[in-house]
Engineer: 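Provided herewith is a single structure, encoded as structure tokens, for subsequent inquiry.
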Amino acid sequence: MRPELPGLMKEIGAEVTRAYPVYGRLLNGPNAEPIRQGLEQALYAFVDRVADPGKNAVLRDELLRKFGRVEAYEGRELDTLQGAYRLGARIALRRAKAVGQQYRLSPALILAFADALFAYVDELEQISREGYVEVQSRAFSEVPARRRRLLHLILAAPPLPQALPGLCEAAAWHPPADVTMVALRPPVPEHLEAGLADDVLFDLDIPQPHLLIPGPLTSERLAMLDAALAGAHAVVGLTVPLAQAADSIRWARRVLQLIDEGVVADTPLARCEDHLVTLWLLSDPALVTHLAAGELAPIDRLPASRRDRLVETLRVHISTRAPAEQVGEMLGVHAQTVRYRLRNLDVLLGERLADPDHRFAMEASLRALHLLARGTGM
């Protein structure tokens, strides 16, 4: 079954979003990755159970409970989520029948598979129901629940809903012109919510918790955030118009990811505005690698040690525009060695070094590769 899972995930995602457009919006919103992780866990856990019936499914269960919580926060009945689960099961069974024909499996085996699959779906529904009931049973007042739903809608795929003014009024929240999003690293401190100002929107009970702060991060807002976080780590996104809040949280989460990868230095409260070039250069690492391969192709044919020395010299030279003496100091080599390497580079790269477009492409790709190497510790 395992080779079928990647393709099956794509098929289920396409069919479910076609049948239930609300999930298409969620899959294009800021919580898309946790949703995809939940789908992946649900599928792989079923196959794992076949291979090892006693295998732990704690991560799957927690993600499924979060699905149920989201349904409650969004104000939907569980019927929609249950329908999506059952549609996914029918698609999986259809794929199983095709595989059964391919491998000439017996009808009795396919029937047993179907029984196990739909029993598994019942289990998924029950676990999601636990999360749904958990939210409903909490002693939330109407205003906090509406504010949480309002935040979900603001961060959904644009444009903002036409009903936003009415939703803001029902949530007792005045919509600002600009907002600043904050990505939090879980686990979130229990006291954090109590330290936030009344107009801050938040969702702390999800895999990627976040805050929405109306307006820019003023000194007063920063003091509030520092006190509420009390040492917990977070990344402040850019201040953007309300309609672009999803971009702000996306950038903040990317910086948080780069911190985890060792590319960006870890600090209790990082700011996206301090890492804009890094965000841009590493927005598509695979594309950067291809760009660098094309620009540096004449160097790539050299032995690895010589190639690496030339690439590092080129990176420092092209980024700093410094004379050979300063480049040598930065690299820890003699200026004459730098001049020798630069003459080699001039021979290998020829007109590329003089062409503004190629020079810019080389500088951007070399900076990005240097950042990636920092993250991998190379």
Engineer: Go through E11 and R95 one step at a time and tell me if the salt bridge (charged side-chain N to carboxylate O under 4.0 Å, His left out) criterion holds.
Structural biologist: CA-CA 10 Å; E11 186 178 357; R95 179 71 67 92; 2.7 Å; yes
Engineer: Shared ILVMFWY cluster between L59 and V47, side chains joined below 4.5 angstrom?
Structural biologist: no
Engineer: Do V16 and V22 land in one hydrophobic cluster if side-chain heavy atoms of ILVMFWY residues count as linked below 4.5 Å?
Structural biologist: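 Shared cluster, yes.
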Engineer: May I ask you to test the D203-H210 pair for a side-chain heavy-atom distance under 4.5 Å?
Structural biologist: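 Contact flag for D203/H210 side chains = yes.
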Engineer: I'd like to know if the side chain of H275 pairs up with that of R254 as donor and acceptor (distance under 3.5 Å, no hydrogens or angles considered).
Structural biologist: no
Engineer: State, with a plain yes or no, whether a side-chain heavy atom of L87 is found less than 4.5 Å away from one of I12.
Structural biologist: no
Engineer: Verify side chain to side chain contact (heavy atoms under 4.5 Å, CB included) between L366 and L314, making sure each step is shown before the conclusion.
Structural biologist: CA-CA 8 Å; L366 285 168; L314 177 62; 3.7 Å; yes
Engineer: How far apart are the C-alpha atoms of L256 and Q208, what are their side-chain angles, what is the distance that settles it, and do they pass the side chain to side chain contact (heavy atoms under 4.5 Å, CB included) test?
Structural biologist: CA-CA 10 Å; L256 197 58; Q208 295 178 304; over 6 Å; no
Engineer: What about L276 and V263, same hydrophobic cluster or not, with Ile/Leu/Val/Met/Phe/Trp/Tyr joined at side-chain heavy-atom distances under 4.5 Å?
Structural biologist: yes
Engineer: For H290, I'd like to know if atom NE2 has over 12 heavy atoms of other residues, nucleotides or ligands within 6.0 Å.
Structural biologist: no
Engineer: Is the shortest side-chain heavy-atom distance between E4 and V99 below 4.5 Å?
Structural biologist: yes
Engineer: Heavy atoms, side chains only, cut-off 4.5 Å: are V240 and D178 in contact?
Structural biologist: no
Engineer: Heavy-atom count around E190 CD within 6.0 Å, excluding the residue itself: above 12?
Structural biologist: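 Counting neighbours around CD of E190, 12 or fewer heavy atoms of other residues, nucleotides or ligands fall under 6.0 Å, so no.
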Engineer: Please go through L217's hydrophobic cluster and name the other residues, only I, L, V, M, F, W, Y counting, with side-chain heavy atoms under 4.5 Å joining them.
Structural biologist: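 Grouped by the 4.5 Å side-chain rule, V182, L184, V188, L192, L196, V200, F202, L204, L211, I213, L222, M224, L225, L229, V236, L269 form the rest of the cluster around L217.
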Engineer: Taking C-beta and beyond as the side chain, do Q37 and K66 meet within less than 4.5 Å on heavy atoms?
Structural biologist: no
Engineer: Going by heavy atoms in the side chains, are M362 and L349 under 4.5 Å from each other?
Structural biologist: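 The answer is yes; the side chains approach within 4.5 Å.
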Engineer: Please say yes or no: joined through hydrophobic side-chain contacts below 4.5 Å, possibly via intermediate residues, are V70 and L153 part of one cluster?
Structural biologist: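 No, V70 and L153 fall in different hydrophobic clusters.
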Engineer: Kindly compute the distance separating CZ (R60) from CD (E123), expressed to the nearest 0.5 Å.
Structural biologist: 4.5 Å
Engineer: For the atom pair CG (L348) and CZ (R301), what is the distance rounded to the nearest 0.5 Å?
Structural biologist: 8.0 Å
Engineer: Are H174 and D199 close enough that a side-chain donor and a side-chain acceptor fall under 3.5 Å?
Structural biologist: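 The answer is no; no qualifying pair exists.
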Engineer: Could you note down all residue pairs passing ring-ring contact (aromatic ring centres under 6.0 Å, His included) where residues 83-123 supplies at least one of them, sequence neighbours left out?
Structural biologist: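 Sorted pair list: F46-F113, F46-Y120.
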Engineer: Which heavy-atom pair separates P6 from R2 by the least distance, and what is that distance?
Structural biologist: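 So the two residues come closest at CD-O, 3.7 Å.
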Engineer: May I ask you to decide whether E363 forms a salt bridge with R367, counting only side-chain N to carboxylate O separations under 4.0 Å?
Structural biologist: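 R367 and E363: salt-bridged.
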Engineer: Can you list the steps and then say if L81 with Y23 is a side chain to side chain contact (heavy atoms under 4.5 Å, CB included)?
Structural biologist: CA-CA 9 Å; L81 183 60; Y23 292 134; 3.5 Å; yes
Engineer: Find the distance between CD1 (I154) and CE (M181) and round it off to the nearest 0.5 Å.
Structural biologist: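 Rounded to the nearest 0.5 Å, the CD1-CE separation comes to 8.5 Å.
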Engineer: Would the number of heavy atoms belonging to other residues, nucleotides or ligands and lying under 6.0 Å from CD of Q336 be above 12?
Structural biologist: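 Count over threshold, so yes.
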Engineer: With sequence neighbours left out, what residues match T180 under side chain to side chain donor-acceptor pair (under 3.5 Å)?
Structural biologist: T239
Engineer: Could you pull out all residues at least two apart from E329 that satisfy side chain to side chain donor-acceptor pair (under 3.5 Å)?
Structural biologist: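 Expected list: none.
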Engineer: Any chance you could lay out the side chain to side chain contact (heavy atoms under 4.5 Å, CB included) test for E273 and L238, step after step, and finish with the verdict?
Structural biologist: CA-CA 6 Å; E273 64 185 19; L238 299 180; 3.9 Å; yes
Engineer: Taking a hydrophobic cluster as the set of Ile, Leu, Val, Met, Phe, Trp and Tyr residues connected by side-chain heavy atoms closer than 4.5 Å, whether directly or through intermediates, do L212 and L167 fall within one such cluster?
Structural biologist: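 Yes, same cluster.
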Engineer: Could I get the full list of side chain to side chain contact (heavy atoms under 4.5 Å, CB included) partners for R359, not counting sequence neighbours?
Structural biologist: H317, I318, R321, L353
Engineer: So does D346 pair up with R343, basic N to acidic O under 4.0 Å?
Structural biologist: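 Looking at D346 and R343, the cut-off is not met.
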Engineer: Specify the closest pair of heavy atoms between L39 and F67, including all atoms of both residues, with the distance to one decimal.
Structural biologist: N-CZ, 4.1 Å
Engineer: Is any side-chain heavy atom of V179 less than 4.5 Å from a side-chain heavy atom of S248?
Structural biologist: no
Engineer: How close do A292 and L369 get, heavy atom to heavy atom, and via which atoms?
Structural biologist: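 That closest heavy-atom pairing would be CB-CD1, 3.4 Å.
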Engineer: Side chain to side chain donor-acceptor pair (under 3.5 Å) with H358: which residues, sequence neighbours excluded?
Structural biologist: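 Checked H358 against side chain to side chain donor-acceptor pair (under 3.5 Å); matches are E295.
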Engineer: Quick check for you: to the nearest 0.5 Å, what is the distance between L291 atom CG and S365 atom OG?
Structural biologist: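 Between atom CG of L291 and atom OG of S365 there are 4.5 Å.
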Engineer: Nearest 0.5 Å, please: how far is CD in E77 from CD in E71?
Structural biologist: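 Nearest 0.5 Å value for the CD-CD distance: 10.0 Å.
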Engineer: Can you tell if the side chain of N344 reaches within under 4.5 Å of the side chain of T313, non-hydrogen atoms only?
Structural biologist: no
Engineer: If you take all heavy atoms of A364 and W280, which pair is closest and at what distance?
Structural biologist: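 That closest heavy-atom pairing would be CB-CH2, 4.3 Å.
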Engineer: Which heavy-atom pair separates R69 from E134 by the least distance, and what is that distance?
Structural biologist: NH2-OE1, 3.2 Å
Engineer: Could you grab the distance from atom CD1 of I91 to atom CG of L8, nearest 0.5 Å is fine?
Structural biologist: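 Going from CD1 on I91 over to CG on L8, the span is 7.5 Å.
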Engineer: Please report the shortest heavy-atom distance between P186 and P207, naming the atom on each side.
Structural biologist: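 Scanning both residues, the minimum pair turns out to be CG-O, 3.6 Å.
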